[in-house]
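Report on the structure given below.
Keep in mind it's a predicted model, so treat the numbers as computed, not measured.
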Amino acid sequence: MVKVGGSLLLKGDKPDISFVKELVDSVVELIRKGKKVTIVSSGAIALGKIELGSDILPGNSKAIPSKQALASIGQIKLMDLYYKFFKRYS
C-alpha cells in the first residue's frame, strides 16, 4: 500500500507532474515484479480548491458540505491526473 498525501501531489497551486510521473513509474515497476499495489491518495479537496478558485465557495470553506463539494470536483481531477500517467502503460 502506498499512501500519498496531498502535499506531495501539489507544487504550490498546481499538481506536481514530475512527482506523479515518478510515483506511477515506481508503482508500475512494482507491479511488473509481481507485487500487488494499492494507492491511497489525498489531495481531492486541494485540487477542488485549485479548480474552483479560493473565493468561489461562500461562507465557511472548512464546513463539511464545502469540503464535500470541493472533494467531488477535485476527485475527478485527481483520477484524471493518475489516469494520464497510467495510460502510458495500458
Could you give the side-chain donor-acceptor pairs of residues 17-27 under 3.5 Å, partners two or more places apart or in another chain?
| unit_1 | atom_1 | unit_2 | atom_2 | d |
| --- | --- | --- | --- | --- |
| Ser18 | OG | Asp16 | OD1 | 2.9 |
| Lys21 | NZ | Asp25 | OD2 | 2.9 |
| Asp25 | OD1 | Arg88 | NH2 | 2.7 |
| Asp25 | OD1 | Tyr89 | OH | 2.5 |
| Ser26 | OG | Glu22 | O | 3.0 |

Indicate every side-chain donor-acceptor pair of residues 79-87 with a distance under 3.5 Å to a residue at least two apart or in another chain.
| unit_1 | atom_1 | unit_2 | atom_2 | d |
| --- | --- | --- | --- | --- |
| Asp80 | OD2 | Lys84 | NZ | 3.3 |
| Tyr82 | OH | Ser41 | OG | 2.9 |

Does anything in residues 3-12 pair up under salt bridge (Lys or Arg N to Asp or Glu O under 4.0 Å), and if so which pairs, sequence neighbours excluded? none
Side-chain heavy atoms nearer than 4.5 Å, only ILVMFWY residues, links allowed to pass through others: does that put Leu70 and Val4 together? no
Locate the shortest heavy-atom distance separating Glu51 from Ile73; write the atom from each residue and the value. CG-CG2, 3.8 Å
Are Ile45 and Leu78 connected in the hydrophobic side-chain network, where two residues link if heavy atoms are under 4.5 Å apart? no
Considering all heavy atoms of both residues, which atom of Ala71 and which atom of Ala44 are nearest to each other, and what is their separation? O-CB, 3.9 Å
Out of curiosity, Gln68 CD to Gln75 CD, how far, rounded to the nearest 0.5 Å? 13.0 Å
Where Leu9 and Ser42 come nearest, the two heavy atoms and their spacing: CD1-O, 3.0 Å
Would you compute the distance between atom CD1 of Ile76 and atom CG of Leu47 and round it to the nearest 0.5 angstrom? 11.5 Å
